[in-house]
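Structure, as structure tokens:
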Amino acid sequence: MSGPEPWWTDAVVYQVYPRSFADGNGDGVGDLAGLRQHLDHIADLGVDVIWLSPVYRSPQADNGYDISDYEDIDPLFGTIDEFDALLVEVHRRGMKLVMDLVVNHSSDQHPWFRAAKLSRACPKHDWYIWRDPVDGHEPNEWRAAFGGPAWSWDPGTGQYYLHMFTPQQPDLNWDNPDLRAAVYAMMNGWLDRGVDGFRMDVINHIAKDPASLSDGSAGYVMQPRIHDHLQEMHERVFAGRDALLTVGEMPGVTVADAALFTDPERRELDMVFQFEHVGLDHGPDTKFDNRPFDLPALKTSLARWQTGLAESGWNSLYLANHDQPRPVSRFGAAAVAAAAGFDADPFTLRYESATLLATVLHLHRGTPYVYQGDEIGMVNAGFERIEDYRDIESLNWFRGAVGRGTSIPDALDALAFRSRDNARTPIPWDDSAPAGGFSAVTPWIGMGQGWPSITVAADRAAGDRSVFDHHRRLIDLRHASRTVRLGEFELLEPDHPSLWAFTRTLVDESEPPLVVVANLSSSVVMLPAAIGSRLETLVLGNLGRPEVADELRPWEARVHEFGPA
Ligand code: TEU
């Protein structure tokens, strides 16, 4: 990266999943009014940007990732006036607001799709992806992400339409220039309203292979036209506007692809969400085949991305979002115990696990994303009955797996580890009945096993064991330190089974290098002499000052200035 760095190179983003953040109107579902009441919680953390998951009009088949009107707010969440008021309050606190942009697909209730279904002659028909039957069947074998074929039959037109997710989420046809123009107009509308950018849902899926619709993901991920589309979007929407943030969600993206998407010279995106590190514990067939946590695999994967995007491009850094299990349960002491065949109690060493994982993540080079609730160390939901789940992916998978012969207890175990609902339980503001200050009524989804012991109020009163305060220190450090922002990354001891260690070094040596050392085990780890002998000033740690500098206590993470060899 040459020249003055973009503003977001020292920014930290906080993701709000609105239906689970705070309920302002007493219907059991989080909304804009609730978010507005709790903005100080986010501002106190010191973050720069809020990414708001979808609040547009939607039948909520996939919790708002199925949009029926891109230009209005769903009544479940509030009104457009409440949105404008929220935006003012966010800006008044010196933060930015980034919207979710879901334009690989719309809802099947969107007027565009309703028109598209009327007849093959309707101009909107070509805004979606249709195929005639082949020998009375779907045109190819593509499967939808949430189960079943990716094609659904429409009797009116006598054609199949494509949907990579549920049948209620028909895929838009980005080869149609009128569709593209409509999307750009909508995006410009939100930017003119004052929003500060977009997180773009599965944006690397928008270019399909129109000629062949060949089998396998090669036909819908990373088709060459994706770069044309993103460059056109940049020119028609982002060019000439200042201080925006654009991040593309890209399942399956490689380091080489990401370097292209995020090379500033190419004018496509600021950064992408890659999926390599969150796929390491998935089985070969489905993500519900859970594999044990493997620290060397995780740290070397992230290190590869650090190196791959060191010269040009930029990383986004995340361990969680609304689609992933909670990091404490997935990568913390409970996960390490489970990998060794022991009982996995997510409350064991929870403060240590949450703060260690945050330290490691925030000290990488890139833009960190904090998912709501991780700043207080929330754990997986711990649901034990299928009736507790709400997520369409989880429910579809459960039905299919049990149908194929998986026992109900095994299927429930798989969900308890992997379901997206693990991260969708309400924010427990306090321990009051019935819903921890999230809502005055029974919430749309259970509070989960963490409540009432884990709450915002308890964490913020926990003094030197507050996960929130530790996050705030990490965010302050990034804002203050050019080394954290821009220093080169080098992984140390890549094969060590429980030590995660790396250095950050500014090429111009204007600040001393930093070393991060973290012990992901419940035993003391002795640092190798090549690291231990070079530890200088303690910059930050999750367990306070150590008695023995070159020993790490269980789940201890420290950042030190790194002296000469
Ligand atoms: O997710 C896309 C995606 O590929 C996955 O993260 C997905 O949620 C799941 O892991 C597949 O097994 C995005 C959104 O983040 C997600 O919430 C939506 O359901 C999905 O797109 C469809 O819009």
Side-chain angles (χ1 to χ4, degrees), residues 13-45 47-60 62-102 189-190 193-199 321-322 370-376 378 390 423-448 451 455-457 460 468:
V13 183
Y14 183 91
Q15 182 192 352
V16 170
Y17 193 65
R19 63 165 47 233
S20 302
F21 192 73
D23 171 17
N25 69 350
D27 63 357
V29 181
D31 47 37
L32 296 179
L35 170 55
R36 197 174 154 197
Q37 284 160 19
H38 287 283
L39 275 183
D40 283 335
H41 172 80
I42 305 174
D44 283 357
L45 200 53
V47 300
D48 307 273
V49 182
I50 295 174
W51 149 30
L52 182 59
S53 277
V55 290
Y56 312 97
R57 267 192 196 264
S58 160
Q60 305 287 326
D62 186 19
N63 290 0
Y65 284 90
D66 50 318
I67 296 169
S68 55
D69 183 348
Y70 288 102
E71 293 172 16
D72 201 3
I73 302 295
D74 196 278
L76 190 63
F77 297 120
T79 63
I80 194 78
D81 290 340
E82 284 180 280
F83 178 84
D84 288 338
L86 172 77
L87 189 56
V88 169
E89 292 290 312
V90 170
H91 286 160
R92 201 169 61 74
R93 287 169 176 78
M95 299 184 291
K96 294 177 184 282
L97 185 71
V98 163
M99 297 289 271
D100 222 300
L101 179 80
V102 189
W190 284 104
R193 215 174 185 102
V195 312
D196 304 290
F198 297 99
R199 172 271 186 187
N321 56 43
H322 63 293
V370 180
Y371 177 62
Q372 68 178 36
D374 287 338
E375 79 282 16
I376 58 162
M378 284 178 74
R390 300 286 177 269
R424 297 179 179 184
T425 57
I427 294 295
W429 295 97
D430 57 41
D431 60 5
S432 67
F438 166 76
S439 176
V441 301
T442 306
W444 69 278
I445 188 171
M447 297 296 291
W451 189 74
T455 68
V456 172
R460 297 206 58 181
F468 185 96

Going through the distances and angles, do Asp44 and Arg460 end up as a side chain to side chain contact (heavy atoms under 4.5 Å, CB included)?
CA-CA 11 Å; Asp44 283 357; Arg460 297 206 58 181; 3.3 Å; yes
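- Note that CG of Leu87 and CZ of Arg92 are 12.5 Å apart. Values are rounded to the nearest 0.5 Å.
- Defined by atom type and a distance below 3.5 Å, a donor-acceptor pair is present between the side-chain atoms of Gln60 and Arg19.
- Of the possible polar contacts, one joining the Asp196 side chain to the Leu97 backbone as a donor-acceptor pair under 3.5 Å is found.
- A side-chain donor from one of Ser432 and Asp430 sits under 3.5 Å from a side-chain acceptor of the other.
- Under the 3.5 Å distance criterion, the side-chain polar atoms of Ser68 are matched with a main-chain donor or acceptor of Arg57.
- Two residues are said to be in side-chain contact when any heavy atoms from C-beta on lie closer than 4.5 Å; Val13 and Val98 fail this criterion.
- Residues Val195 and Met99 approach most closely at CG1-CG, 3.8 Å, considering heavy atoms.
- Checking side-chain atoms of Glu375 against main-chain N and O of Gly373 turns up a donor-acceptor pair under 3.5 Å.
- Closest non-hydrogen pair, Asn321 versus Ala423, comes out as O-CB, 3.5 Å.
- Annotation: side chain of Thr455 is not in contact with side chain of Ile376 (no heavy-atom distance under 4.5 Å).
- By the 6.0 Å and 45° rule, Arg390 does not stack over the aromatic ring of Trp444.
- Between Leu39 and Glu89, the shortest heavy-atom contact is CD1-CB, 3.5 Å.
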Please report the C-alpha distance between Met447 and Thr425 in whole Å, then the side-chain angles of each, then the deciding distance to 0.1 Å, and finally whether the side chain to side chain contact (heavy atoms under 4.5 Å, CB included) criterion is met.
CA-CA 5 Å; Met447 297 296 291; Thr425 57; 5.9 Å; no
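- Ser53 and Tyr65 share a side-chain donor-acceptor pair at under 3.5 Å.
- Looking only at distances, no side-chain donor or acceptor of Asp31 sits under 3.5 Å from a matching main-chain atom of Gly78.
- Tyr56 approaches Asp69 most closely through the heavy-atom pair CB-O, 3.5 Å.
- Looking at Pro59 and Asp66, their side chains come closer than 4.5 Å, going by heavy atoms from C-beta outward.
- Note that the CD1 atom of Ile50 and the CG atom of Leu86 stand 7.0 Å from one another [nearest 0.5 Å].
- The closest donor-acceptor contact from the side chain of Asp74 to the backbone of Ser58 lies under 3.5 Å.
- Counting only heavy atoms from C-beta outward, the side chains of Leu52 and Pro18 approach each other to under 4.5 Å.
- Trp190 places a side-chain N or O within 3.5 Å of a backbone atom of Tyr70 that can act as its donor or acceptor partner.
- The distance from the CG atom of Leu32 to the CG atom of Leu76 is 10.0 Å, given to the nearest 0.5 Å.
- For the pair Asp374 (side chain) and Val370 (backbone), a donor-acceptor distance under 3.5 Å is absent.
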Test log, rule side chain to side chain contact (heavy atoms under 4.5 Å, CB included), inputs Val90 and Ile42
CA-CA 10 Å; Val90 170; Ile42 305 174; over 6 Å; no
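- Within the model, atoms CG of Leu45 and CD of Gln372 stand 12.5 Å from one another, a figure rounded to the nearest 0.5 Å.
- When all heavy atoms of Ala43 and Arg93 are compared, the pair lying nearest together is CB-CD, 3.9 Å.
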Pair Ile427, Met378 - check side chain to side chain contact (heavy atoms under 4.5 Å, CB included), show working.
CA-CA 9 Å; Ile427 294 295; Met378 284 178 74; 3.9 Å; yes
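- Closest approach of Phe77 to Val55, counting heavy atoms only: CD1-CA, 3.6 Å.
- Partners of Asn25 by side-chain hydrogen bond (donor to acceptor under 3.5 Å, both in side chains), not counting sequence neighbours: none found.
- Trp451 places no side-chain N or O within donor-acceptor distance of the main-chain N or O of Trp429, the cut-off being under 3.5 Å.
- Between Trp51 and His322, the two ring planes are perpendicular [angle over 60°; tilted spans 30° to 60°].
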